[in-house]
Amino acid sequence: MMMTTRREVMALISGALVTTTLGGRAFAEGAPKKGGILRISAPANPSSLDPATGGAGSDHAFLFTIYDTLTEWEFDTLKPKPGLAESWKFTDPTTLVLNIRAGVTFHDGTPLDAEAVKFNLERNRSDAKSNIKADLLSVAAVEVTGPQQVTLKLKTPDTALPGILSDRAGMMVSPTALKAAEGGVVTRKPVGAGAYSFVSWADGEKIVVKRNEKYWKPERPLPDGIEISIIPELTTGARSVTAGQNDLIYQLPPRQKVIIERASSVKVVHGPTLYVFQIFLNWAKPPFDNIKVRQALNFAIDRESFVKAALAGLAEPAYMNLPKAHWAYDAEVAKLYPYDPDKARKLLAEAGFKEGTQIEFGGYPDQDSVQRQEILIEQLRKAGINARFVNAPVAEASAAFFGPEKKGAGLLSAWTGRPDPSLTYSLMFTKDAYYNGGRAPVPAELEAAIKESRASEDIDTRRKAFSTVQRLVMENAFVAPLAFQFELVAMNKKVQGYRPNLLGKPKYDDVWLGS
């Protein structure tokens with residue numbers, strides 16, 4: 001048995017966000033066929049092609065082609081389903097048994113057996129270079145209990161683990177490649193067990209992968225390969241699709257929807273996601289080490305206007321890290337920060353900034369990011385906050401803020417969502433989490449509530465715990481959420497079988513190329 005009935009109910013509830021909008025396998029006509037190169041326009045260069053050491057949420061679009069995960073998720077509900085682990089079971093609240101699929105090999109021929117899984121999980125949870133240690137904090141030990149069986153002994157009950165293992169923590173890298181790699185990382189020489197194997201990476205220009213001929217899923221993948229061109233300027237990327245130079249572009253800005261729909265050769269799919277634009281805050285560094293300044297920032301943002309001006313209305317204003325339709329959404333928490341620039345000024349004065357304050361934020365240089373910055377600069381100015389943005393490419397800016405340099409007091413970026421909401425909160429709001437920019441402490445009550453959210457499979461118990469989590473995060477103003485963006489993908493009509501998903505991170509499981 002892989003899931004309890006309650007867990008299935010929970011997953012179906014979480015999928016209510018998309019059941020009426022995603023539809024079936026739109027556009028697929030005729031029988032899928034093999035062949036062709038799928039050409040994609042991507043908005044950012046990856047920070048790393050090693051899933052354990054990367055630091056940008058945008059990496060997933062590349063990682064998912066090369067690496068398979070221990071579990072996967074349903075596109076429309078995020079319900080965990082079998083992946084490299086063909087089944088799993090909690091034999092007691094602190095023991096999770098994973099049965100690994102037999103006969104799978106990594107791209108270099110290394111067997112993907114229990115020893116390989118143990119090697120990866122130990123690396124992910126304890127290697128000094130791992131940025132995903134927080135994902136597996138509940139794991140006390142990883143044991144090989146059979147040639148294709150791994151047993152996780154847990155410090156505390158953690159019902160979120162099946163969902164967590166569908167993300168970076170469950171991406172399996174060849175132990176042979178890791179042991180041979182300089183520094184023990186495969187940043188630029190990735191070897192996974194996914195549908196495609198790595199060919200080349202021209203930094204900032206193009207990543208090429210080819211079909212894994214020994215892939216374990218029957219008749220997959222269908223294209224011979226994928227060529228991903230790095231085109232940070234999304235208008236240029238959209239033009240490359242309408243002109244036929246590329247086949248598909250993802251993370252298309254809402255302003256492009258009307259324009260690109262005019263092209264008769266292009267079709268557009270869209271659906272809600274967990275992808276939230278937000279300002280990450282370093283609450284270990286002035287002025288955000290003062291809770292009143294963090295609260296002032298949240299009161300100073302007019303989220304309704306931001307959605308209209310920055311996202312053409314194709315988004316939902318964000319008052320926490322979960323959207324309205326999510327099963328764990330808390331309507332009361334959403335009332336904490338109505339737009340109130342006068343309240344923001346009062347809080348700044350109480351914090352010692354009667355005449356206002358200047359704050360430096362990190363950001364990205366593409367056109368849409370700059371537009372978002374300009375909107376926020378004007379909104380914050382009305383509340384006495386003089387915002388200044390220092391821009392750099394996504395990977396560089398993210399590393400500067402989250403890495404050892406700890407540059408800037410905040411970063412205007414996005415959180416790309418996680419299959420289980422407990423992972424979202426633990427990755428940002430626990431003391432040593434990578435996305436806690438200052439690695440600053442949080443209330444013990446918050447960390448306890450995050451643990452509580454993972455202690456039971458009962459939906460009502462989990463919802464209650466998440467109410468506490470969300471209230472503590474937002475009362476302490478550890479983040480400034482802005483808006484949940486809809487996934488917007490444009491492709492030419494020969495691309496068949498593409499489906500959007502609730503995470504808003506493209507996967508090409510069933511994509512094929514028609515004539």
TODO: Take T145 and T151 through the test side-chain hydrogen bond (donor to acceptor under 3.5 Å, both in side chains) and record every step on the way to the result.
DONE: CA-CA 6 Å; T145 48; T151 297; 2.9 Å; yes
TODO: Begin from the C-alpha positions of T65 and Y508 and carry the test side-chain hydrogen bond (donor to acceptor under 3.5 Å, both in side chains) through to its verdict.
DONE: CA-CA 8 Å; T65 66; Y508 309 105; over 6 Å; no
Task: Pair D108-S174, side-chain hydrogen bond (donor to acceptor under 3.5 Å, both in side chains): steps then yes or no - done: CA-CA 8 Å; D108 60 4; S174 166; 2.6 Å; yes
Task: Intermediate values then yes/no, side chain to side chain contact (heavy atoms under 4.5 Å, CB included), R454 and I164 - done: CA-CA 11 Å; R454 301 162 80 149; I164 288 170; 2.6 Å; yes
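Taking the six-membered ring for Trp and thresholds of 30 and 60 degrees, Y434 and F402 have ring planes inclined between 30 and 60 degrees apart. Below 30°, between 30° and 60°, or above 60°: for F277 and Y275 the angle between ring planes is above 60°, a perpendicular geometry.
Because its NZ or CZ atom is not both nearer than 6.0 Å to the ring centre of Y196 and within 45° of the ring axis, R211 does not count as a cation-pi partner of that residue. For the pair K407 and F401, the NZ or CZ position fails the cation-pi test of under 6.0 Å to the six-membered ring centre and within 45 degrees of the ring normal.
The neighbour count for K217 NZ, taken as heavy atoms of other residues, nucleotides or ligands under 6.0 Å away, is above 12. At most 12 heavy atoms of other shown residues, nucleotides or ligands fall within 6.0 angstrom of atom NZ in K210. Shown here is K118, whose NZ atom has more than 12 heavy atoms of other residues, nucleotides or ligands within 6.0 Å.
At distances below 3.5 Å, at least one donor-acceptor pair connects side-chain atoms of N436 with backbone N or O atoms of K431. Judged by distance alone, the side chain of T95 and the main-chain N or O of T91 form no donor-acceptor pair under 3.5 Å. A distance-only check finds a donor-acceptor pair linking the side chain of Q148 to the backbone of R101 [under 3.5 Å].
Side-chain atoms of S453 and S422 include no donor-acceptor pair closer than 3.5 Å.
A pairwise comparison of heavy atoms in A433 and L427 identifies CB-O, 3.0 Å as the closest pair.
Checked against W415 for a ring pair (Phe, Tyr, Trp, His ring centres under 6.0 Å), the options F429, Y435, Y425 give a single hit: Y435.
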